[in-house]
Amino acid sequence: MKAAVISFPGSNCDQDAIKAIVSTMQIEADLVWHAHTDLSSYDLILVPGGFSYGDYLRSGAIARFSPVMEAVANEAQRGKFVIGICNGFQILTEAGLLPGALRRNESLQFQCEMAHLVVENASTPFTANYHFREEIIIPIAHGEGNYYADEATLDELVQNDQIVFRYADGHNPNGSVGSIAGIVNKKGNVLGMMPHPERAVHTLLGSDDGSKLFTSMLTTWREMHGVR
Amino acid sequence: MKVQAKIFVTLKGSVLDPQGVAVTKALHAMKYEQVEDVRVGKYLEVVFDVENDSQAHELVAKMCDQLLTNPVIEKYTYELVEVLA
Amino acid sequence: MKVQAKIFVTLKGSVLDPQGVAVTKALHAMKYEQVEDVRVGKYLEVVFDVENDSQAHELVAKMCDQLLTNPVIEKYTYELVEVLA
Amino acid sequence: MAYGEPSAQEVKDQKIYRTFGLTDAEYDQIVTHMDRLPNYVETGVFSVMWSEHCSYKSSRPVLRRFPTTGERVLQGPGENAGIVDIGDQLAVVFKMESHNHPTAIEPYQGAATGVGGIIRDVFTMGARPIALLNSLRFGTLEDAHNRYLFSHSVAGIGGYGNCIGIPTVGGEVVFDDRYSHNPLVNAMCVGVIVHDKIAKGTASGIGNPVLVVGAKTGRDGIHGATFASTQDPHAKERSAVQVGDPFMEKLLLEACLELIDTGKVVGIQDMGAAGLTSSSAEMASRAGSGLILDVSKVPVRETGMSPYEMMLSESQERMLVVMKRGEEDIAYRIFEKWGLEATVIGQVTDDGFLTIVDGEDIAAKMPVTALVDDAPIANRPSMRPTYLDTLEEVIPASLASTDLHHDLLALLSSPTIASKEWVYNQYDSMVRTETFVRPGSDAAVVGIPDSKKAIALVTDGNGRQVYLDPYEGGAMAVAEAARNLVCSGAKPLAITDCLNYGNPEKAEIFYQFERSIDGLSEACRVLDTPVIGGNVSLYNESHGIDIYPTPIVGMVGLIENREHITTSAVKYVGDVLLLLGEIQPQPKALAGSEYLAIKQPQNALSYAMPAIDLQKEKALQDVTLAAIQQGAVQAAHDLSDGGLLVALAEMGIDGGLGVTVTLPDTTDPLSLTALCFGEQPSRILLEVKPADVEHVQQLADKAGVTCMAIAKVTEQLHFEVQQNTKQILCATLEEITASWRDSIRRQMQ
Ligand SMILES: Nc1ncnc2c1ncn2[C@@H]1O[C@H](COP(=O)(O)OP(=O)(O)O)[C@@H](O)[C@H]1O
Ligand SMILES: [Mg+2]
């Protein structure tokens, strides 16, 4: 299994993502500059956090037109694992790979804190190693993480079991509808989430609950490809 | 011809505008009690060259739909002004 | 009477507008080469009750100077529309 | 003349130099150095180079008193940032700087560009910035304007650091109406570097090209106090405050580090205050060289800029780079990759002049030494303020607490003491995934990538104490910073400082400045933490009120082994809390305290403080560090604002556990109050397993440090205080937590 971490001008969690992938999954992870147009050799594509293009105008709005995004869409189409974290989630929604949009936090402030999450769907490639309804602690750090989707879209998300993470009861930090913290696409191979699992892979960082997200992908991929 | 488009972007009516709410509150706290409602949006001035009016309208609509706004949560209106040399 | 003020806030001309620069570059990369310049500002819609026009002008100017803009780096213009019941 | 500027003769005859802030005597000196009348541009360049801000004319002689050398010091004051060795060919680069005045006018951008500037100072040395801190002072939150300044400054600091991806890991905030009109925003940046990659701000090597890299130049921050301001067509569209572009800086940072890494850079310096003027003059001065620059080549974002405007523009996110001759292409290539501009605008000469040309025309030609080294020194008179001699030595019995419970809650919810979560939750403190101790403990701890080492970081300062006793207050600031580092398991290495004072032309203010520097210096000597850089901000005065003299200390410490990282939160039920240092402070310890400020605000500045014994402080810190390194400490917390009970409560709140305190006997209510809330320096609380108590006690005894078991960690979620087997205070953990945690948020709503 091989991972690509996309780097846009202004990405700043790209190195953290590589470190987390390498330390938890022990696989190769390349930093891929946004100008690249071919991602076919990768099994996992991670769109990291940060402030692509300064997040000017709207977060993710400009990055979504980077050359690499077409390749991301292609590989998503082919069923590769794609995960967008924080700014990456914003980019994936702007690009239409995931439904909805991320608005400013209700507090109107940037918020960085340990967030309590509930795993709502433990049968995605990203959550296979968690239990259903497991409570985990993963940090958030965003100013625009307030997930929005209209009623119809929300119904669909629920019906298809696309809601993967919610903020735990009473802990919604940003006002997102249904306390949504992370969703997958219909096919289940594209995940977007505001919390940063790559920042929770070692107890020295305050939590290692994010490790299982990475190892889940490895487990699933091995099963899919009959690798042990 | 050179045209300046003034583009006004606001959140759709169905989307809560916490910034507007905050500004309203702040104005009330400052005794501007006659203020009823505030909506906060974005204002863009885009200057470009086109041949004629209809091209200008087409261009602005395209830029807005593609990049300048997110139709999931935002709507926009605009005005065009010719920029004289 | 009930009035809606549409207020357009932009950075002063000499003040760097990083957002405007980024949007211009993005538009160029997206082949909107006819675009020359973009400035990004704020747009506010404020609804309030006043007796007459001159009160409305006075109120908007006061709110803008006090809270809605920082005259050190920003400038504003506005339009007033009467809101009919 | 093409720009409608006055002639050299007019500058002299109409005394136009005065509008630049130059005195007649200074102008005459310039004429002597130049051997002719300076023209308009030259007068402008001299005026900024000789300003307080660039020349340190008031402070330079006093700053020489700082100890600035040490075994680990690789770079002391004089470069863009100082450097200390941390072993294994690694070094830490850091510096702190103020952005007080811009923040007062435009808090978001003022604070943001302060952060941007200090980051450039660090990566210009070739270092990778790994952490930010900030020290803030605002008026109290009852006032709407103070709330506006506070919230926007915090948003601006976060806005810049979050975007650029450097974690903001620490700092401090104090609220006092002395700062209402003069908020302080001091930002500190810390970077790491491998020894052989250190870059310097020197312009050497005749013929080497000089490049401007980064953002385009506009009319940012050109001071309006010139003849031009009235007739200037651009005046209306101009601003004294700059807007920061953290996205640009992120690219600039990556590009500069990549460029420095090629080894083809001769010198590099950021363009901060007075932009091209001070960066070019300082770089030439350090090398003893000259420079010729063509301002018509500088990339601009506005039209019709004059050489004067080009030289004085304070557009952000720009650097001046001297490359090896013939290697310019490397710079072009790297900067293009990052979507940035790099432009050759001149070259290094050996004539000792800074020559500014505008295409064909010579716009200015000035001796570099005259601009930098010969800048005048203002010998400011100094006089001991009379208020110091009227401070009372005895605290009246009437100041004793009559309700410990009430006073403890009042202290915990006082914004200066209350949790700063509202602030630091707006900062990304975790990006880079090396933050091992986030904001909220005594010091932040950040890992050094690919190494077992970590560094601890802190900023500290207490203006009220320095006001009450400039010398002791200065010493206490250093001591407290070091104590915080020690409590996190680190050995203090060195400091940077930011010296915020009122108007130095007042003899009493200058006395505060001088005396406090003596205090800071002495503490640095005793604690072995040399000063490796800093910044001075004077004239923090408005409406005739000067701020408290507020030196801020930014200190860095080293943790060789990550296992020694210690936080202030209590960990285990049944553990013992030991109090090290003075057990029963004199009532005098209430002077200058937060307790007094709340109890009787009108008398907060009426009493004389106790002195600090630096030898005792050193012994205390050594014992603490030894105990931590021997693995005997579960948590450590220094006593500062609010005194003993506040410190104990904080440890319980952080750990989510109860604490039962057993106080020694006291003879009267005032002594009890001093015991509970006095701010006697040089005290630390250690959480120790029962089995380790004796060992730690022995360590303390051997070092002559008083040590006493004062509290126990309990399962029952109460904060309880007993004396003489009598319960004198009992609060639920929930109650004290709410007071402390929600106070600022509540006031900001
Ligand atoms: N308070 C101080 N203590 C020690 N060194 C100082 C102090 N203030 C300034 N310096 C040193 O003087 C030099 C010039 O400082 P400054 O003008 O703030 O730098 P910059 O040009 O980067 O803004 C720096 O090397 C700085 O470390
Ligand atoms: Mg500098």
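Every chain is numbered from 1 and lettered A, B, ... according to where its sequence line falls, protein lines coming before strand lines. The structure presented is a predicted model; accordingly, all values stated were derived computationally and were not measured.
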Handout entry: Heavy atoms from other residues, nucleotides or ligands near CD of B:Glu51 exceed 12 (cutoff 6.0 Å)
Key = no
Exercise for the section: Look at atom NZ of C:Lys25 and say whether more than 12 heavy atoms of other residues, nucleotides or ligands are closer to it than 6.0 Å. Expected result: no
Exercise for the section: Tell me, for C:Ile7 versus chain B, whether the close heavy atoms (under 4.5 Å) come from the side chain, the backbone, both or neither. Expected result: neither
Exercise for the section: Answer with side chain, backbone, both or neither: which region of C:Thr24 has an atom nearer than 4.5 Å to a non-hydrogen atom of chain B? Expected result: neither
Exercise for the section: Taking the side chain as every heavy atom from C-beta outward, state whether B:Lys2 and C:Glu36 have any pair of such atoms under 4.5 Å apart. Expected result: yes
Handout entry: Closest contact, heavy atoms only, C:Leu59 versus B:Tyr32
Key = CD1-CD2, 3.5 Å
Handout entry: Straight-line distance of C:Lys6 NZ to B:Lys6 NZ, nearest 0.5 Å
Key = 13.0 Å
Completion exercise
All heavy atoms of C:Tyr43 vs all of B:Val9, minimum pair found to be CD2-O, 4.3 Å
Exercise for the section: For each of B:Val40, B:Asp37, B:Val46, B:Val23, tally heavy-atom pairs with chain C at distances under 4.5 Å, and name the one with the top tally. Expected result: B:Asp37
Fill in the blank from the handout: Most heavy-atom pairs under 4.5 Å with chain B, out of C:Gln66, C:Lys62, C:Gln34, belong to C:Gln34
Problem - pair C:Phe8-B:Glu45: side-chain heavy atoms closer than 4.5 Å - result: no
Practice task
Take atom CD of C:Glu82 as the centre, draw a 6.0 Å sphere, and report whether it contains more than 12 heavy atoms from other residues, nucleotides or ligands.
Solution key: yes
Fill in the blank from the handout: Most heavy-atom pairs under 4.5 Å with chain C, out of B:Leu68, B:Leu27, B:Val3, B:Val50, belong to B:Leu27
